[in-house]
Structures are given as C-alpha cells and as structure tokens.
Protein chains: 2
Amino acid sequence: MSRRAVQSRIARAAEELFVDKGFEETTVDEIAAAVGMSQRSFFRYFASKDEVVLDSLERLGEDLAARLAARPAGEHEWDSLRRAFDPVVERFGDPVSREHDAAIQRIIDRSPRLLASYLCRLELLQRMLTDALLARSEDADPVVLRAMVGGAFACLHAAAFPACDPEEFAPSLDRTMAALRPVGAS
Amino acid sequence: MSRRAVQSRIARAAEELFVDKGFEETTVDEIAAAVGMSQRSFFRYFASKDEVVLDSLERLGEDLAARLAARPAGEHEWDSLRRAFDPVVERFGDPVSREHDAAIQRIIDRSPRLLASYLCRLELLQRMLTDALLARSEDADPVVLRAMVGGAFACLHAAAFPACDPEEFAPSLDRTMAALRPVGAS
DNA sequence: CAATGATTGACAGTCACTGACACTTCCGGG
DNA sequence: CCCGGAAGTGTCAGTGACTGTCAATCATTG
C-alpha cells in the first residue's frame with residue numbers, strides 16, 4: 001500500500017475522531033489505534049498532529065500555485081489571482097467537497113493551535129504565489145506585489161468567512177475583489 | 001510587586017535567553033530559573049511560552065484599536081486604517097524600540113510554532129478592527145470591510161517585511177497603501 | 001491576634017514528539 | 001537457495017510544554 005494511501009486512511013480516521021470529540025480532545029494514540037498502528041508509525045506519515053488536518057490544504061495550495069503559473073504573463077496580477085482562486089470556487093460548488101471542507105474548517109476554527117498552523121500555511125502559500133508573480137514581471141514593485149497577494153487572500157478569506165450558502169460565495173468573492181482592485185498596478 | 005511588573009521581568013529575562021539560544025532551545029524551566037521562580041509560577045503569569053514573546057504585540061494591538069476608534073466616522077476607512085498604523089510607524093522611528101522589535105521579529109521568524117501563534121494574534125486583531133469599523137458605518141458591506149482590513153494589514157506586513165532601513169518604512173507603507181487603495185468604498 | 005483570600009512551590013500526571021534499536025518482509029544477485 | 005540490503009514497523013525510553021492538586025506562606029482586614 002502506497003504512502004499516500006496510508007496517509008489518507010489515517011486522515012479519514014482522524015477526521016472522524018476530530019468531528020466526534022474535537023481536535024484537542026483526540027490523542028495521537030487514539031488515531032493510531034483507530035487505524036491499527038503504533039503512535040511511532042503515525043509520526044512516520046505525518047510530522048505532527050496538525051498536519052493530518054492541514055494536509056488537504058497543502059494540496060489545494062499546490063493547485064492554486066499551478067493555476068497561477070499557467071496564467072498569461074501580460075494579464076493583470078489581480079485577475080490572475082482571481083483565476084487562481086477558481087479551484088476554491090469549484091470545490092465550493094460541489095456539495096460533497098464543500099461539506100467536507102466545512103467540517104475541516106469547523107475543526108480548525110475550534111482549536112487555536114490548529115488555527116495558528118493553518119494561518120502559517122496560508123502565509124507560506126502567499127509567499128510562493130508572490131514569488132511566482134514576481135518572476136513573471138520583474139519590473140514590478142515587490143512590496144506592492146506582496147501586499148496585493150495578501151489583499152487577494154483577504155478577499156478570499158472574507159468571502160468565505162460567513163460560510164454562506166454556496167450560491168453566495170462566488171459573487172461575494174467577485175464583488176469584494178472588484179471593490180479592492182488596485183487601480184494602477186502594471 | 002504588581003502582576004504587570006513581574007510579567008515584564010519574566011519577558012526581559014526570556015527574551016535575553018531567546019536571543020542567545022533561540023526560542024525552541026530555551027526551556028520554560030530555564031526562564032523560570034532565570035527570574036528565580038518555579039515553572040508552575042511562570043505559567044501563572046503567561047498562559048504559554050509563546051505569550052512571553054507575543055505579549056508586547058498584544059499591547060500594540062490595543063493601541064491600534066484605540067487609534068482606529070478615535071478616527072472621525074466620516075473618514076474613508078482606508079485612511080482611518082492608515083492613521084491607526086501610526087503607532088507602528090512611530091515605534092519604527094525610535095531606534096531603541098525598533099531594535100527591540102526587530103529582535104522579537106527575528107525570534108518569531110525563526111520558530112514556525114511562534115510564527116503560527118503570531119499570525120493568529122494578527123487575525124484576532126483584524127477581527128477587532130473590522131468590528132470597530134463595522135460599528136461606525138452600518139451601511140457598509142461587511143465582507144468588503146473585512147477584506148479591506150485584511151488588505152491594509154497586508155500592506156503593513158509587506159512594507160515591514162524586508163526589515164528595511166528606518167527611512168524606508170513609512171514611505172513604503174504609504175506607497176503600498178496608495179497602490180491598493182479601494183476606489184469606491186464609502 | 002485571628003480569619004481569610006491570594007500567591008506560590010512541590011509533585012505528579014498527560015500528551016506531543018523524538019531517538020535508538022530490534023525485527024519483519026521483500027527483493028535482486030550470487 | 002541463501003544472503004544482502006532497503007523499507008516499514010513496533011517497542012521503549014526520554015524530553016519538554018502544560019495542568020491539577022495540595023499544602024505552605026504571605027498580606028489584608030476585621
């Protein structure tokens with residue numbers, strides 16, 4: 001059985017426990033027992049308890065980065081970012097993934113510890129996207145570019161925050177990104 | 001001796017150790033020993049090891065919130081936010097606080113764990129500022145407002161990032177906030 | 001002085017996480 | 001067929017953050 005497969009078996013079992021008892025209240029021993037392995041082996045598949053939850057985010061992040069890299073270099077950065085967010089919008093459109101993501105989000109929001117590492121991942125992702133944008137337009141102001149990526153994520157975050165109904169999310173994101181759209185930037 | 005005074009004694013000793021040996025490499029026992037108290041008492045003054053470092057940020061955050069609340073209600077939110085950032089700019093102007101803040105920032109950046117809780121605090125602060133703005137102009141779009149606060153913090157973060165020389169910071173912030181300034185918002 | 005409430009230290013316990021080591025399984029080469 | 005290492009695993013012991021508990025101390029107030 002492949003590493004990836006074992007990881008997702010662990011993740012599934014863990015998420016079920018987290019939903020039942022909460023993140024902090026679930027011990028690594030319990031997760032390991034649920035999939036029939038030792039605690040030590042759990043840590044061979046995930047570097048920390050946090051990672052079990054944040055793993056799916058990681059892959060979504062890679063997706064975003066790939067989308068952004070695929071955008072034409074001449075396009076306004078703001079528009080490229082909006083298009084890079086399409087996978088998120090799509091996931092929101094599918095009831096199954098949306099329900100799953102909402103569950104994950106609830107787990108994250110209920111645990112300050114998890115929320116912290118979640119934000120850390122987002123920060124890292126923003127840095128990656130900034131670098132990607134910086135590479136394609138070298139004459140741009142790095143500070144402004146960085147702020148722009150942060151602003152775009154702020155829009156995404158704000159639009160997703162109320163966990164609004166699925167019909168609301170995409171328009172909300174577009175409206176917010178239109179309101180915060182930088183005027184002059186190259 | 002007041003609680004506050006004890007906390008700052010602990011914080012001073014801890015920061016010295018953190019600068020010397022790094023955050024992760026310094027144990028709570030060592031900090032407690034340095035100020036001559038038991039580990040148990042340390043945790044009576046700070047809820048976690050992280051808090052020792054993030055405590056000063058907490059007070060800066062309160063300052064920001066107060067400044068924002070003091071701005072006239074008719075002012076454009078973006079300008080109010082810029083003015084609320086003045087304390088940060090001021091701290092950056094004073095060589096002593098700047099050196100201290102830079103040391104703190106270095107400690108934070110070197111420890112993923114700390115960086116995570118730092119971002120969590122920032123998130124909390126943004127939520128507070130959003131609520132303050134929302135209270136003063138009830139007709140505004142909450143989602144857009146939230147994104148705007150996030151965008152302003154992204155500017156602040158981006159401008160502070162390169163740990164540039166003191167002369168650079170304020171202009172960099174102004175330039176970035178001008179570039180990302182929302183056009184239409186009330 | 002005595003009662004009382006807050007502060008503290010000492011101790012034990014939980015839990016995330018790490019390192020070391022032994023063991024199994026599998027697989028290609030002799 | 002046996003031997004070799006490589007990869008995955010369990011076990012055990014240890015560290016360090018954090019918590020609960022209890023008894024002692026200290027300051028305050030009546």
Side-chain angles (χ1 to χ4, degrees), chain A residues 1-55 57-58 107-108 110-121, chain B residues 1-11 13-55 58 107-108 110-121:
Chain A
M1 195 181 264
S2 81
R3 177 176 179 80
R4 188 89 254 160
V6 177
Q7 281 177 328
S8 77
R9 261 185 57 220
I10 298 176
R12 264 195 299 274
E15 280 163 21
E16 194 172 330
L17 287 167
F18 293 157
V19 169
D20 278 3
K21 320 179 27 181
F23 180 78
E24 319 269 11
E25 290 71 26
T26 304
T27 71
V28 175
D29 280 313
E30 288 169 334
I31 301 171
V35 289
M37 60 169 50
S38 70
Q39 192 212 50
R40 195 65 187 87
S41 285
F42 170 92
F43 282 109
R44 286 181 178 115
Y45 287 100
F46 292 100
S48 70
K49 198 169 102 172
D50 299 358
E51 274 211 5
V52 184
V53 181
L54 269 28
D55 191 44
L57 179 75
E58 192 81 16
I107 296 171
I108 293 176
R110 281 209 241 279
S111 161
R113 175 132 159 28
L114 244 188
L115 178 59
S117 14
Y118 168 72
L119 293 172
C120 204
R121 294 293 169 108
Chain B
M1 197 183 257
S2 80
R3 177 176 179 81
R4 188 89 254 159
V6 177
Q7 282 178 327
S8 77
R9 262 185 59 218
I10 298 175
E15 280 163 20
E16 193 171 332
L17 287 168
F18 292 158
V19 169
D20 278 5
K21 319 178 31 180
F23 179 78
E24 318 269 12
E25 291 72 25
T26 304
T27 70
V28 174
D29 281 311
E30 287 169 336
I31 302 170
V35 289
M37 60 169 50
S38 69
Q39 192 213 50
R40 193 64 186 86
S41 286
F42 170 93
F43 282 109
R44 285 181 179 115
Y45 287 100
F46 291 100
S48 71
K49 198 170 101 173
D50 298 359
E51 274 211 5
V52 184
V53 181
L54 268 28
D55 190 46
E58 191 80 16
I107 295 171
I108 293 176
R110 281 209 241 279
S111 161
R113 177 134 158 22
L114 244 189
L115 178 59
S117 13
Y118 167 73
L119 292 172
C120 203
R121 294 293 169 108

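Convention: sequence-line order gives letters A, B, ...; per-chain numbering from 1.
Residue contacts shown for A/Thr27 are limited to sugar-phosphate atoms, with no base heavy atom under 4.0 Å away. At the heavy-atom level, B/Arg3 lies nowhere under 4.0 Å from the strands shown.
When each of D/dC18, C/dA20, C/dA16 is scored by its nearest atom to the side-chain atoms of A/Lys49, the top-ranked nucleotide is C/dA16. The listed nucleotides are C/dG9, C/dC17, D/dA17; the one nearest the side chain of B/Phe43 is D/dA17. Distances were taken from every side-chain heavy atom of B/Arg44 (C-beta onward) to each of C/dT18, D/dA17, D/dT21; the shortest belongs to D/dT21. Distances from the side chain of A/Tyr45 to the nucleotides D/dG8, D/dG10, C/dC17 place D/dG8 closest.
Among residues two or more places apart in sequence or in another chain, the side chain to side chain contact (heavy atoms under 4.5 Å, CB included) test is passed with B/Arg40 by B/Ser38, B/Phe43, B/Arg44.
A side-chain donor-acceptor contact under 3.5 Å links B/Arg9 to the backbone of B/Val35.
Looking at B/Arg4 and B/Asp55, a side-chain N of the basic residue comes within less than 4.0 Å of a carboxylate O on the acidic one, giving a salt bridge.
Nearer to the 5' terminus of DNA chain C, by closest-nucleotide assignment, is the contact made by A/Val28 (compared with the other of A/Arg40 and A/Val28).
Stretches of at least 3 consecutive Watson-Crick or G-U wobble pairs, with each checked distance under 3.5 Å, appear in DNA chain D as C:1-26 with D:5-30.
Between B/Lys49 and B/Arg113, every side-chain heavy-atom pair lies at or beyond the 4.5 Å cut-off.
The minimum heavy-atom distance linking B/Ser111 with B/Phe23 is given by the pair OG-CD2, 3.6 Å.
Following rounding to the nearest Å, B/Gln39 (CD) and C/dA12 (C1') show an atom-to-atom distance of 12 Å.
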